[in-house]
Amino acid sequence: IMLKGMTRLVSRVHKAKHGEQHVGQHYNISIQELKTVFPHGLPPRFVMQVKTFNEACLMVRKPALELLHYLKNTNFAHPAVRYVLYGEKGTGKTLSLCHIIHFCAKQDWLILHIPDAHLWVKNCRDLLQSTYNKQRFDQPLEASIWLKNFKTANERFLSQIKVQDKYVWNKRESTEKGSPLAEVVEQGIMRVRNATDAVGIVLKELKRQSSLGVFRLLVAVDGVNALWGRTTLKREDKSPITPEELALIYNLRKMVKNDWQGGAIVLTVSQTGSLFKPRKAYLPQELLGKEGFDTLDPFIPILVSNYNPKEFEGCIQYYLENNWLQHEKAHTEEGKKELLFLSNRNPGLLERLCAYL
Amino acid sequence: MAAPSLPAWLALQTRARTLRAFSTAVSPVTGAPRLSPPTTERTSKHERAPRRKALPPRTEKMSVDQDWPSVYPVAAPFKPSAVPLPVRMGYPVKKGVPMAKEGNLELLKIPNFLHLTPVAIKKHCEALKDFCTEWPAALDSDEKCEKHFPIEIDTADYISSGPSIRNPKARVVILRVKLSSLNLDDHAKKKLIKLVGDRYCKSTDVLTIKTDRCPLKRQNYDYAMYLLTVLYHESWKTEEWEKKKTEADMEEYVWKDSASEKNILETLFQIKAAEKNTELSKEELLSTKEVEDYKNSVVSLKNEGDNENTISQYKESVKRLLHLT
């Protein structure tokens, strides 16, 4: 029988009421919610942890709380504000982003979550010439995977939102004006060739209609520095492709501009998975480059740093309660000091270290 | 034959200290074969004159406060018997130490400066003092030197003993000047820095011109002065094509007409439109305090790069602009 310690007190408190005093404590997300809200987007090690412990617990931390405070006070008539989470490797940017997404999902926002923009600029096997615009390239695989996950996350909205234009896919198929967005998504999933165009249409429609106030839109992109970097993709004649020539990236860039109202844009910049960036780079300007910074300006940079002592204690307590730390010295003071020294309170490192104990 | 050979042998004996010592037990019979022309037959071991024993090395007789410049007055190869240091050099074998200095070829191969110890150099300077003129008493600080003599010229003269007194290295002339002592305005300074490229050091603000393309030192000096004059006058002129300077050519970030300015204006206009407050014009928006703060923070962020200070400043200014608490 596991002792439910102090860390569980928060599980029954609704996320909307998270405040300063809850820093360092964990809150629970049920597994069903996990499947609907996060079909993609959780870091792989966290997914493994969820499977092992049979529950998903996120720690409440200051950067996420700060962002939640801003989001609660957003004025939806103003253009969407951009928030950029930055920090060193393993400090918890992706998980903070997931915390925000969960909060917004509970508040009934429409979540547009791109789990890792870096996946769209490297290792793509089939690149087709785009049907819509001859200069650009399509990525059918990535687009269809994303559409499937988007459908799972936002089922209930897809039937409510109606497209406002007629879209012709090919000689036989077309989507009429006024039909639900679900049809466009279905078309993209079934006909993989048109998946990229379907994604483009979805983004365009959501942007247009969120300004009308029908719903609130949260655009969450992890690794947004991929949009302005370089790609490792090449054409048949081995000449490199710039990000603008990929239709997915082109449409996503339009999404993170602040020329629409009725929502918020939360982004992270990360070096893991980025191309041609030095390992130690973590500051926003280094990773975004000149073009990226000029496009995202003005934005609010939010630093995600290593655990503070209270959060560190909380994390160790959580592992101890779930009987994750089997080493006999793990719960002693010296053991904790050793872990502190080895991991420097870095959440990612701590998680990897504890996996061995 | 024995009688005339005896005095010759005695005369030889008086120089015994520096020459090989002759044994006194030599029989007169062997004296004769030495004076005869050399034969091909080998002399037996006991008939050969035995060698003198090796003397102890000179290092053992050196005192600690001796006059070192007289041991090594000129550049000379390393003499292990004359250098009293227990130097070891060489790659050691397994479980060994580097080789000692006696008979060490490595120590002979490398250049040594045993003739240029500080004591020796002091002596050189003392001797050279007679040939020098006195330093002017009025120039007693660096700032005064810079103020009155902003241009510094470095030349080198070489003397060596050889068939010719000329040395091709002697024609090099290095001219150094600080740009702060030249009368340049902002545009002229940027143009000059672009023209000279690598020759300007940003941290010390020194322009270095090194010339060696003429055969004589005087010609090189004239050429360096000519280059400086031309650079100065050219950088003051503005050409037609300089008006096409793009953002990529700029040395530092200028906020006016930049993408950041456009973004912020668009954002603010949209905010105002949402609040039905469309009376403000572009100039008024630009002159508000929040926009000023934002402009300063962006300029410092771009010019200095990211650090905690600049980022937090930027964050605060954006929060104030967008009216977030």
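The sequence lines fix the lettering, A, B, ..., with proteins before strands; numbering per chain opens at 1. Because the structure is predicted, anything quoted here is derived from the model rather than measured.
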Should we count OH of A:Y250 as having more than 12 external heavy atoms under 6.0 Å?
-> no
For B:Y221, does the OH atom have more than 12 heavy-atom neighbours from other residues, nucleotides or ligands under 6.0 Å away?
-> no
Mark yes when over 12 heavy atoms from residues, nucleotides or ligands other than B:D185 sit less than 6.0 Å from its CG; otherwise mark no.
-> yes
Can you tell me how far CG of B:L301 sits from CG of A:L283, rounded to the nearest 0.5 angstrom?
-> 9.5 Å
Answer yes or no: are there more than 12 heavy-atom neighbours, outside B:K245 itself, under 6.0 Å from its atom NZ?
-> yes
Can you say whether A:E291 sits under 4.5 Å from chain B via the side chain, the backbone, both, or neither, judging by heavy atoms?
-> neither
Less than 4.5 Å apart, any side-chain heavy atom of B:L321 and any of A:P298?
-> no
Among A:Q261, A:K257, A:H78, the residue with the most heavy-atom pairs under 4.5 Å to chain B is A:H78
Below 4.5 Å from any heavy atom of chain B, which atoms of A:Y83 appear? Answer side chain, backbone, both or neither.
-> side chain
In Å and rounded to the nearest 0.5 Å, what is the CD to CG distance from A:Q285 to B:N307?
-> 10.5 Å
To the nearest 0.5 Å, tell me how far B:E316 CD sits from A:I300 CD1.
-> 9.0 Å
Given a strict heavy-atom distance threshold of 4.5 Å, which part of A:F299 is in contact with chain B: side chain, backbone, both, or neither?
-> both
Side chain / backbone / both / neither for A:T295 at chain B, heavy atoms under 4.5 Å = backbone
Would one find more than 12 heavy atoms of other residues, nucleotides or ligands at under 6.0 Å from atom NZ of A:K254?
-> yes
Counting only heavy atoms not in B:K194, do more than 12 sit closer than 6.0 Å to its NZ atom?
-> yes
So how far is it from B:K302 NZ to A:K290 NZ, rounded to the nearest 0.5 Å?
-> 5.0 Å
